[in-house]
Structure formats: structure tokens, C-alpha cells
Amino acid sequence: MSETIDSSRRRVLAAGAGAMALAGLGGLAPQVSATSKNPLPDFASWKDQQALVVHSATTLETKRGREGTSGITPNHELYVRNNLPAPEETITKDRDGWEVAIQGVKHPRTLTVAELKTLGVETVAAVLQCSGNGRAFFDHKASGTQWEVGAAGNVLWSGVPLRAVVDALGGLADGVNFITSTGGEVLPEGLDPKSLIVERSVPLAAQEHALLAWEMNGEPISLAHGGPLRLVVPGYYGVNNIKYVKQVAFTEQQTDAAIQASGYRVRPVGEKGAPGQQSMWEMNVKSWITNPLRDVVRGRVQISGVAFGGAQAIAGVEVSIDGGQTWRKARLVGPDMGRFAWRTFVLDTDLPPGTHSITSRATDSEGNVQPEHFPENERGYGHNGWRRHSVSITVA
């Protein structure tokens, strides 16, 4: 099948690249379990290794066949992507005591999670997706983890709405344009903090739906996914959903941290990142097939997959069994969990003997259609082209 063409080679190369990147952080690489029976890193050793591809000590990908079996991605199957090694597990011992500083409001102060819980609570279903999901489908083989489709999942987040926190602290200060949030990872001494710190700015409009979340899928957020407190920005790529969040500041300008100023910028192949380039903020419309992924016998086949609109609601999905020559409308199944969630889609069809290229294309509520191709960019971000996301199966 096309999904797995040369995938073992890509994963070996990705693992090596991940190790070299971590070596550049001065020995900050997280520990990986020593036994071959459990190759997962220690901070994520509780996950289902049969559901995951281990690219490196900080990158775990959900296998394509494990996606879309229900509306919500189970915690033990959800992908992991950390820009820095996770802090010590001890930070989750006193979850209610974790503190976050709120700046850029009329009455700035530091609040504990226990205090945040008194200000309100909401739950939102939202896709969490790495900016590089689909990187393996770019022809120029962009550097970084060679994700195929598994750096994404659909999660129920619970926490206090950021707008409720702002209201409780007297409203926004004058002249603010961005939400700038800082993670609580430990940084090595002797290096410029701005070169490593996980600090991202998103447009102020994101405040409407953002949460300071302490729970995912009904459980306290694990260390692997940013617990005890994570900023969740529905509709935005995962890098903007700051783990171990220690500060949320409403600012006039974007942060000058490298991860914002030059990192996660969409730029032509061969060019360096710069503030004037498009930032990896809102996600685009996307879908892919999750079943079948293997050769099948002749007869009735249920084709299924997942689709989401990114920053908009999903409106519909079409499926092709002939490589995009003809399309049929798929059926959305399961509950509609809102604008930022994904939907499972299904098409029941008869597949005649032979080889079939099966693919899907989604349309969002604003009429944006998933394209056939996606332009190359230096870091391999944002790929949603339906042709490269197709699968090839043979019917006996």
C-alpha cells in the first residue's frame, strides 16, 4: 500500500535525526526504556506500543489503522511530539498547586490550578495535530520527523476558558494583539534561553475558544501531553498548544523567541525562517483513509477515514476508489462534536478485482476544499494534498 512505501527506511532516518537534534541540546535527551519489549520513552511508557511508531525519544506516531475507530483518540494511542524533553514527573504530584502567571491584563497575577478551577469550566473536542503531519509526503524530504498521518488525534479537553480568566482579572490591557504563552520546560544553563524556550504567540482572536486545560479525555493531563496545565487553542497546530504552561501574556508584539521568530514559518525550500513569513497558526481542511489498508478479498468493503476542517467545521467528505477520477459522497458517522473536532466518514462499496487507489477529500463550512497537491516548503509543514494521502490496495 502507498502508505507504507519505504516507510521503514524513513523511520530509521528520522530516528537518527531526532537523536542528533537532541544531542545538540547538551545532553537533554529524555531516557528511553532499555528493553526491546518496550521501546517507548519513560515518560510515555504507559502508552500502547502496538498502536504507535517510535520515531525518537520525543516523537511517537499513531499508526494509521488505529485512527478513526471512534470519535475520540484514546490517551494511550495519541501521538507525542515534544520540542524539548519533558520536565520531571514530580511536577504532576501537586496538580492543583501548579502556577501560571497571567500578564497583559488590568490586574495581572499568578494563579494556581486550584484557583483557575473556581473561575469556570468548559469542555471542547478539538483535533491536536503537529505542524509536520504529512511531512513524509513531500518530495524534497524535509528535515524532521517523517510523519505520515499519525501526528494527529481528536481529544476532549476540559479546563477554564481563557476569556473567563481575563474577565476575572479586570479585562485586557490596552494595545494588545497577541496571546504569548510560555512552557515550563527546564532550559540548560549557558545557552540563550530565547534560542530554546517554547514560547509562542497567536492572534488575540484565539482567546474566544482557548482553554487553560487540566484534563483530557476525562483524565488529568499526563506529563507526556503537557500536564498539569496546558494551553489549548482549538483549530491551531499543536505547537501553539503550550505544554506545562507557566505564563500567558497578552502582548502588543509576537515573542522574539526563535520558535516563533524563525521557527514554524512556511518558507520556500532553501530559505531561512523569518518573522515576515506565514506562521503555523490555524490548521487547514484535511482527511485521510484509515480502512482498508491491506489487500482484501472481492466483495463489499467499508471504506472509512477521518476528516476535519481545521479552523472551520467539516461540511462533507468525498471518496474516490480510482485515484481521483470519480468521487462519491461519504457518510459522516458518530456524533458531531463541534467545529474543531474531526468526524469519521464511511463509504460502503463493492470493489472489483484489481488494484485500487483509494483517497478522500474534505470540504469545510467555508467552502474550502482539500486540494490534490500541496506546495513544497522548507520544513514540510501543513501537507493536506489528497493524492499523497491515498492508499493502494489489491482486491483478489
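None of the values given here were measured: they were computed from a predicted structure. All heavy atoms count here, side chains included; hydrogens, waters and symmetry mates do not.
Residues that satisfy the side-chain contact (heavy atoms from CB on, under 4.5 Å) test with Pro203, not counting sequence neighbours, are Tyr236, Trp281. With sequence neighbours excluded, the residues satisfying salt bridge (Lys or Arg N to Asp or Glu O under 4.0 Å) with Glu122 are Arg163. Residues satisfying the side-chain hydrogen bond (donor to acceptor under 3.5 Å, both in side chains) test with Glu89, not counting sequence neighbours, are Thr92. Remark: Trp386 engages Trp327 in a ring pair (Phe, Tyr, Trp, His ring centres under 6.0 Å) (not counting sequence neighbours). Every ring pair (Phe, Tyr, Trp, His ring centres under 6.0 Å) that Tyr381 has, sequence neighbours left out, goes to Tyr264. Residues satisfying the salt bridge (Lys or Arg N to Asp or Glu O under 4.0 Å) criterion with Glu199, sequence neighbours excluded, are Lys194. Residues passing the ring pair (Phe, Tyr, Trp, His ring centres under 6.0 Å) test with Phe340 are His209, sequence neighbours excluded.
Counted by atom type alone, His55 and Gln146 present zero donor-acceptor pairs between their side chains at under 3.5 Å. In summary, the side chains of Ser392 and Ser357 do not present any donor paired with an acceptor at a separation below 3.5 Å, with no hydrogens or angles considered. For the residue pair Thr123/Ser158, the side-chain donor-acceptor check at 3.5 Å is satisfied. The closest side-chain donor-acceptor pair between Gln260 and Arg200 falls under 3.5 angstrom. For the 3.5 Å distance criterion, the side chains of Thr180 and Thr255 fail to qualify, holding no donor opposite an acceptor.
Sorted by first then second residue, the salt bridge (charged side-chain N to carboxylate O under 4.0 Å, His left out) pairs that include residues 65-84, not counting sequence neighbours, are Asp48-Arg66, Arg66-Glu77. The salt bridge (charged side-chain N to carboxylate O under 4.0 Å, His left out) pairs that include a residue from residues 103-118 are Asp96-Lys117, Arg109-Glu115, where partners are two or more places apart or lie in different chains. The salt bridge (charged side-chain N to carboxylate O under 4.0 Å, His left out) pairs that include a residue from residues 209-230 number zero, where partners must be two or more places apart or lie in different chains.
For the atom pair CG (Asn75) and CD1 (Ile221), the distance works out to 9.5 Å, reported to the nearest 0.5 Å. To the nearest 0.5 angstrom, Leu204 atom CG is 5.5 Å from Leu172 atom CG. Considering CG of Leu211 and CG of Leu231, their distance stands at 8.5 Å, rounded to 0.5 Å. Rounded to the nearest 0.5 angstrom, Leu351 CG and Ile393 CD1 are separated by 5.5 Å.
No donor-acceptor distance shorter than 3.5 angstrom exists from the side chain of Lys47 to the backbone of Leu40, with no hydrogens or angles considered. Without hydrogens or angle criteria, Thr73 side chain to Asn154 main chain gives a donor-acceptor distance under 3.5 Å. At distances below 3.5 Å, not a single donor-acceptor pair connects side-chain atoms of Arg328 with backbone N or O atoms of Ile321. A donor-acceptor pair under 3.5 Å is formed between the side chain of Asn291 and the backbone N or O of Gln302. One N or O on the side chain of Gln370 and one on the backbone of Ala362 form a donor-acceptor pair closer than 3.5 Å. No side-chain donor-acceptor contact under 3.5 Å links Thr112 to the backbone of Glu99. One N or O on the side chain of Asn217 and one on the backbone of Leu156 form a donor-acceptor pair closer than 3.5 Å. For Glu271 (side chain) and Pro268 (main-chain N/O), no donor-acceptor pair under 3.5 Å exists by modelled atom type. Not one N or O on the side chain of Asn82 forms a donor-acceptor pair closer than 3.5 Å with the backbone of Gly226. Listed for the Asn377 side chain is a donor-acceptor partner under 3.5 Å among the backbone atoms of Gly380.
Counting all heavy atoms, side chain and backbone alike, Phe43 lies closest to Ala86 at CD1-CB, 4.1 Å. Among all heavy-atom pairs drawn from Trp147 and Leu60, the shortest one is CZ3-O, 3.6 Å. Taking each heavy atom of Val317 and Ser360 in turn, the nearest pair found is CG1-CB, 4.1 Å. Among all heavy-atom pairs drawn from Gln207 and Val166, the shortest one is OE1-CG2, 3.3 Å. Between His356 and Val395, the shortest heavy-atom distance links the atoms CD2-CG2, 3.7 Å. Between Ile91 and Gly227, the closest heavy-atom pair is CD1-O, 3.7 Å.
Between Leu347 and Arg331, every side-chain heavy-atom pair lies at or beyond the 4.5 Å cut-off. Counting heavy atoms from C-beta on, the side chains of Thr62 and Tyr79 come closer than 4.5 Å.
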task = May I have the step-by-step check of side-chain contact (heavy atoms from CB on, under 4.5 Å) for Val80 and Thr59, ending in yes or no?
result = CA-CA 5 Å; Val80 171; Thr59 51; over 6 Å; no
task = Any chance you could lay out the side-chain contact (heavy atoms from CB on, under 4.5 Å) test for Val198 and Thr182, step after step, and finish with the verdict?
result = CA-CA 6 Å; Val198 179; Thr182 309; over 6 Å; no
Worked check of salt bridge (Lys or Arg N to Asp or Glu O under 4.0 Å) between Lys329 and Glu318 = CA-CA 4 Å; Lys329 184 177 180 179; Glu318 300 167 287; over 6 Å; no
Name the atoms and distances for all side-chain donor-acceptor pairs under 3.5 Å in residues 124-136, with sequence neighbours left out.
from	atom 1	to	atom 2	distance (Å)
Gln129	OE1	Asn133	ND2	3.1
Gln129	OE1	Lys286	NZ	3.0
Asn133	OD1	Ala151	N	3.0
Asn133	ND2	Val149	O	3.3
Arg135	NE	Ser143	O	3.4
Arg135	NE	Arg379	O	2.8
Arg135	NH1	Thr145	O	2.9
Arg135	NH2	Arg379	O	3.2

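For the pair Lys93 and Trp98, the NZ or CZ position fails the cation-pi test of under 6.0 Å to the six-membered ring centre and within 45 degrees of the ring normal.
A salt bridge does not link Arg267 with Glu378: every distance from a Lys NZ or Arg NE/NH1/NH2 to an Asp or Glu carboxylate oxygen is 4.0 Å or more.
Chaining together hydrophobic side chains whose heavy atoms lie under 4.5 Å apart places Phe374 alongside Phe138.
Shown here is Glu376, whose CD atom has more than 12 heavy atoms of other residues, nucleotides or ligands within 6.0 Å.
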